[in-house]
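Letters A, B, ... mirror the listed sequences (proteins, then strands); counts begin at 1.
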Amino acid sequence: MPELPEVETIRRQLEGELVGRHIDDAWAFPHAKFDQAHDAVGGTFTRLGRRGKYLIATLSGVAGRGEPDPTTPAGAGVELVVHLGMTGRLAVVEVNSLEDTPHLRASWTLDDGRILQFVDVRRFGRIAVVDAGDHRSLATLDRIGPEPFDDAFDAESLRRTVNASRRAVKTQLLAQRVVAGVGNIYADEALWLAGVHPASRRLTRADAERLRDAVREVLQAGIDHGGTTLRDYRDAHGGTGTNQHRLACYGRFGEPCRRCGTELRRTVIDARTTTFCPVCQRR
DNA sequence: CGATTTCCCTGGCCGC
DNA sequence: TGCGGCCAGGGAAATC
């Protein structure tokens, strides 16, 4: 379940390995979610970026595809966009390890002879190649909210957005609109840290400020500790993160709250398991 | 248009 | 040992 910290960890690891490399060839699992991997052939990595949970590699030397977006500058190259879904992994490997790779969904042969592999057991991931900046084919990315560490993610817009809707605050955090990159783990962590009930539909100004700070704090901690490995997540070197040892709330239902000792409870919001402290996080 | 629902996927685990 | 049932859940598409 890669969220922003996990994707950022992978981005940092792959950036130096990919920038400057030319893509000589590609293979894709025959499925609409992955077969755009072929469209990156002929490109050269010029940048490896990230928006929320989307990894965005900018490629030069590849012709644009389809109908151009009038709002996007022409000639800016294309982007190879990868979403890791639930179980996606990216890694650069030597040629001889290409064979016998279970659940391989795409691979790109680089001009140094190595191979960038995308492995995804459950196929919740997705690959797209688009004109740079043209995200119309990726609905969530097209409407994605500010990066959490950007000034545009401010307490007042968070408060207004949550209060203008009848949806639960946790739903808003997961929707990628008010802020980008938060998934189930870091949503539970941030709401616990801020003392906000996940089903709350109304934030005070003080709530919003604490929640904004908490989102930034838990995501930064996740990055600092190489991501959270609970089951499937591995970084680009096949390693695990260590942030799972620091989780205060997610998955700890039935165990005592680390602030007040009350037994953490479990509920379901948006078909997602949600853990919270009934004392620290009042509605 | 916003909100809600459905579907996609497979490995791991549990009870019998 | 085998197997059915259940769970993990982000995002896209369909529907309300």
Practice task
Could you verify whether a donor N or O on one side chain and an acceptor N or O on the other, from A:T109 and A:D24, lie under 3.5 Å apart?
Solution key: no

Fill in the blank from the handout: Residues at least two apart in sequence or cross-chain that pass salt bridge (charged side-chain N to carboxylate O under 4.0 Å, His left out) with A:E17, listed by chain then number, are A:R114

Completion exercise
Residues passing the side chain to side chain donor-acceptor pair (under 3.5 Å) test with A:E147, sequence neighbours excluded, are A:R50, A:R51

Exercise for the section: Identify whether the distance between the nearest side-chain nitrogen and carboxylate oxygen of A:D188 and A:K170 falls below 4.0 Å. Expected result: yes

Handout entry: Non-neighbouring partners of A:V19 that pass side chain to side chain contact (heavy atoms under 4.5 Å, CB included), sequence neighbours left out
Key = A:E15

Fill in the blank from the handout: The side chain to side chain contact (heavy atoms under 4.5 Å, CB included) partners of A:A26 (sequence neighbours excluded) come to A:H38, A:V41, A:W108

Practice task
Quick one: label A:T87 by what it contacts on the DNA or RNA (base, sugar-phosphate, nothing), any heavy atom closer than 4.0 Å.
Solution key: nothing

Problem - Contact list for DNA chain B against residues 244-253 of chain A - heavy-atom distance below 4.0 Å - result: none

Handout entry: ring pair (Phe, Tyr, Trp, His ring centres under 6.0 Å) contacts touching residues 176-198 of chain A (sequence neighbours left out)
Key = A:H197-A:F276

Handout entry: pair A:I56-A:L141: side-chain heavy atoms closer than 4.5 Å
Key = yes

Fill in the blank from the handout: Of A:Q172 and A:R122, the one whose closest nucleotide on DNA chain B sits nearer the 5' end is A:Q172

Exercise for the section: Would you check if there is a donor-acceptor pair between the side chains of A:N243 and A:T228 at a distance under 3.5 Å? Expected result: yes

Completion exercise
Residues at least two apart in sequence or cross-chain that pass ring pair (Phe, Tyr, Trp, His ring centres under 6.0 Å) with A:Y54, listed by chain then number, are A:H83

Handout entry: Segment of DNA chain B, first to last nucleotide, that comes within the 4.0 Å heavy-atom reach of chain A
Key = B:dG2 to B:dG11

Fill in the blank from the handout: Given protein heavy atoms under 4.0 Å, the one-letter contact record of nucleotides 10-16 of chain C, with B base, S sugar-phosphate only and - none, is simply BSS----

Handout entry: Estimated bend of the helix from B:dG2-C:dC16 to B:dC16-C:dG2 (axis per five terminal pairs, rounded to 10 degrees)
Key = 40°

Problem - Residues A:R246, A:E189: salt bridge by 4.0 Å N-O rule - result: no

Problem - Any residue meeting side chain to side chain contact (heavy atoms under 4.5 Å, CB included) with A:R216, in chain and number order, not counting sequence neighbours - result: A:F149, A:F153, A:R212

Handout entry: Pairs flagged by ring pair (Phe, Tyr, Trp, His ring centres under 6.0 Å) wherever residues 229-259 of chain A is involved - sequence neighbours left out
Key = none

